[in-house]
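Input: a single structure, listed below in structure tokens.
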Amino acid sequence: MLHLARVFSSPFSLLLIFSHCVLNPRNFSPIAVSAVMAMDPVRVLVTGAAGQIGYALVPMVARGAMLGPDQPVILHMLDIPPAAEALEGVKMELIDAAFPLLKGVVATTDVVAACTGVNVAVMVGGFPRKEGMERKDVMSKNVSIYKSQASALEKHAAANCKVLVVANPANTNALILKEFAPSIPEKNITCLTRLDHNRALGQISERLKVHVSDVRNVIIWGNHSSTQYPDVSHATVKTQGGEKPARELVANVEWLQGEFIQTVQQRGAAIIKARKLSSALSAASSACDHIRDWVLGTPEGTWVSMGVYSDGSYNVPAGLIYSFPVTCRDGEWSIVQGLTIDEFSRKKLDATAEELTEEKALAYSCLS
Amino acid sequence: MAKEAVRVLVTGAAGQIGYALVPMIARGVMLGPEQPVVLHMLDIPPAAEALNGVKMELVDAAFPLLRGILATIDVVEACTGVNIAVMVGGFPRKEGMERKDVMSKNVSIYKAQAAALEKHAAPNCKVLIVANPANTNALILKEFAPSIPTRNISCLTRLDHNRALGQIAERLNVHVSDVKNVIIWGNHSSTQYPDVNHASILTKDGEKPVRGLIADDKWLNSEFITTVQQRGAAIIKARKLSSALSAASAACDHIHDWVLGTRQGTWVSMGVYSDGSYGVPAGLIYSFPVTCEKGEWSIVQGLKIDEFSRTKLDATANELAEEKSLAYSCL
């Protein structure tokens, strides 16, 4: 609990408390007192909240999967006007679920109201690719969205707001957001590759027939796209004889460098084929994992994958949002340094960096 | 993980409620953050591919508590060794269908599933029926699974109970966790009776009766009741889909409190086999106020029932008696 206070404290913490009282849409009656209110609520924004991922995500947030079982939350849900009624329906269901940790719900189509005072922002809303659309068209639409949301977040979010971009193209949307919200510290802007990371853990655990919680330290490098590089060079599996390298236990380089990589890269498409809808459950769950580990810290000896602003580590060009292995402590992520990168991996790291550089150029061309 | 995994069956798992429910179970919402689970998911053959997609997503989410997943269209396999069964699958009412048609289809389903559960579930399996008509489906299941203890068969009215808490909390502008002891009596249908006569709010001066604080009997005896009764329809109107999120969450609450116990001084609502308490005919699955301890529920006794409430309790009992006849006539 102290941990969270450190994470969210800032010179503006007093302002935050006042803004909480003034802007809280439910000014609590003086007759009421809450039995379990040791901690101030954290405001969590979910954009695109009326959609599939939002519907899976908000009950997870309300139950404490994102910030822990003792952390009260206030949900801010934003969507576009055509989805206003559906969004209201989601708000009604959140009330109907009587979640003890959920101390307020704001459901709005107004981006300013949505962003006001938020400590965590999960950007799920975006323009989906439709049949017949070119990559440039999708990019163009999303660049506009993320430019304007950047502006609103920068002006109205709480200080030190942590941002997670989920909507695709996630890395580039995050980059656009960063460019147009210069007063948001760049370390606070990330994109989701935890889904791919978790998928990689799952594939290794299935291959080895072990519990997924016994596998750790896979890495997702690069873009949340089909050029991502799921790397098990440094992954380990807990066995009765201690931690063993996953590579050794799998003992099949061809599989690890071929089918395994493709399976993880293309998993999204496989889910769509089976469900006729894209992954909502697993995306929402991974978004919770991403924020939770960021805020509450990664376990000892374990790293996770996050799309973060590159500082040039591992010869990845600086100035891209690129997925790296990170550990988290005191609310901050740090890239795990010093991992050896073999030749096979080097090519993969570079290929996905190139794609991100192209996307960046494409995005900027949409702006001019 | 020191504890042995508990096997939880979800039928209709490829549908909306199932999709909301399975990640909650896998995260420990249903049985607690230290209890490993193995999920059994059942659906019908047309949904087999979608069901496999759900299994894939559960694998992809890398849930630490989820120790295994079975996704199947085979009811025997699905029921084998399960400790908890959440029956979400059922035949939905479609446009043009008569009540008798819906009842008839569901009676067949619940008769078949009763047989499979009885033969293959673990001893002392706890059953929660969610699919509508929930109370009557539960009664059919009970009739055709005679070796499952009657006390282990329940239906979901926790959703209505939570909705009632939510409405009171909104009315009084308090936290929902400060409201307790509403009661949902009767059928999970529009004749349910949401009763606040024994409900209370935690204030800085201690527990106070809801009726006194709201000070609006007219609202409590009419709009409040109809809002809770018709909330399902209101959600459908807004979302164009029925409540999945809140139903799944309530199902977790129902099982959680049943298995792990209700808090001191707090009761919840569960559809359970009536023993004649409160003048409710025995032999119906009827929602009562219950406390839970050591994995067993007990009806809260001795609550005063005023005249207004008496009429409501009886009306919903009558509807359940009619449903029971209708169900039997389909057999």
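This structure is a prediction, so every number in the text was calculated from the model and none was measured. Letters go in sequence order (proteins before strands), and every chain restarts at 1.
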Where on Val22(B) is there a heavy atom nearer than 4.5 Å to chain A: the side chain, the backbone, both, or neither? side chain
So how far is it from Ser285(A) OG to Arg27(B) CZ, rounded to the nearest 0.5 Å? 3.5 Å
Applying the side-chain contact (heavy atoms from CB on, under 4.5 Å) criterion to Glu93(A), which one of Arg163(B), Arg231(B), Arg239(B) satisfies it? Arg239(B)
Considering all heavy atoms of both residues, which atom of Pro100(A) and which atom of Ser177(B) are nearest to each other, and what is their separation? O-OG, 3.9 Å
Val59(B) versus chain A, heavy atoms under 4.5 Å apart: side chain, backbone, both or neither? both
Minimal non-hydrogen separation, Gly53(B) against Ala274(A), with atom names: CA-CB, 3.6 Å
Between Ala97(A), Ala83(A), Gly202(A), which residue shows the highest count of heavy-atom pairs closer than 4.5 Å to chain B? Ala97(A)
I need the minimum non-hydrogen distance between Leu165(B) and Ala98(A), along with the two atoms involved. CD1-CB, 4.4 Å
Please check if the number of heavy atoms outside Glu223(B) that lie under 6.0 Å from its CD is greater than 12. no
If you tally heavy-atom pairs under 4.5 Å against chain A, which of Ala234(B), Ala14(B), Ala244(B) wins? Ala244(B)
List the steps and the verdict of side chain to side chain contact (heavy atoms under 4.5 Å, CB included) for Met56(B) and Ser279(A). CA-CA 10 Å; Met56(B) 288 162 72; Ser279(A) 330; over 6 Å; no
Out of His197(A), Glu206(A), Glu88(A), return the one with the most heavy atom pairs under 4.5 angstrom to chain B. Glu206(A)
Taking atom CD of Glu207(B) as the centre, does the number of heavy atoms from other residues, nucleotides or ligands within less than 6.0 Å exceed 12? yes
Check Asp96(A) against Ser246(B) and note the closest heavy-atom contact, atom names and distance. CB-CB, 4.1 Å
Which answer fits Lys237(B), side chain, backbone, both or neither, if we ask what part of it has an atom under 4.5 Å from a heavy atom of chain A? both
Nearest heavy-atom neighbours spanning Met92(A) and Ile235(B): CB-CD1, 3.6 Å
What's the spacing between Glu57(B) CD and Asn198(A) CG if we round to 0.5 Å? 12.0 Å
Interatomic distance, CD@Gln167(B) vs CD1@Ile95(A), rounded to 0.5 Å, equals 7.5 Å
Among Ala48(B), Gly28(B), Ala62(B), which has the most heavy-atom pairs under 4.5 Å with chain A? Ala62(B)
Counting only non-hydrogen atoms closer than 4.5 Å, does Val58(A) touch chain B with its backbone (N, CA, C, O), its side chain (CB onward), both, or neither? side chain
So, taking the atom named CZ in Phe99(A) and the one named CG in Asp253(B), what distance separates them when rounded to the nearest 0.5 Å? 8.0 Å
From CG (Asp60(B)) to CD (Gln203(A)), nearest 0.5 Å: 7.0 Å
Looking only at non-hydrogen atoms, find the nearest pair between Leu245(B) and Tyr55(A) and report the distance. N-OH, 2.9 Å
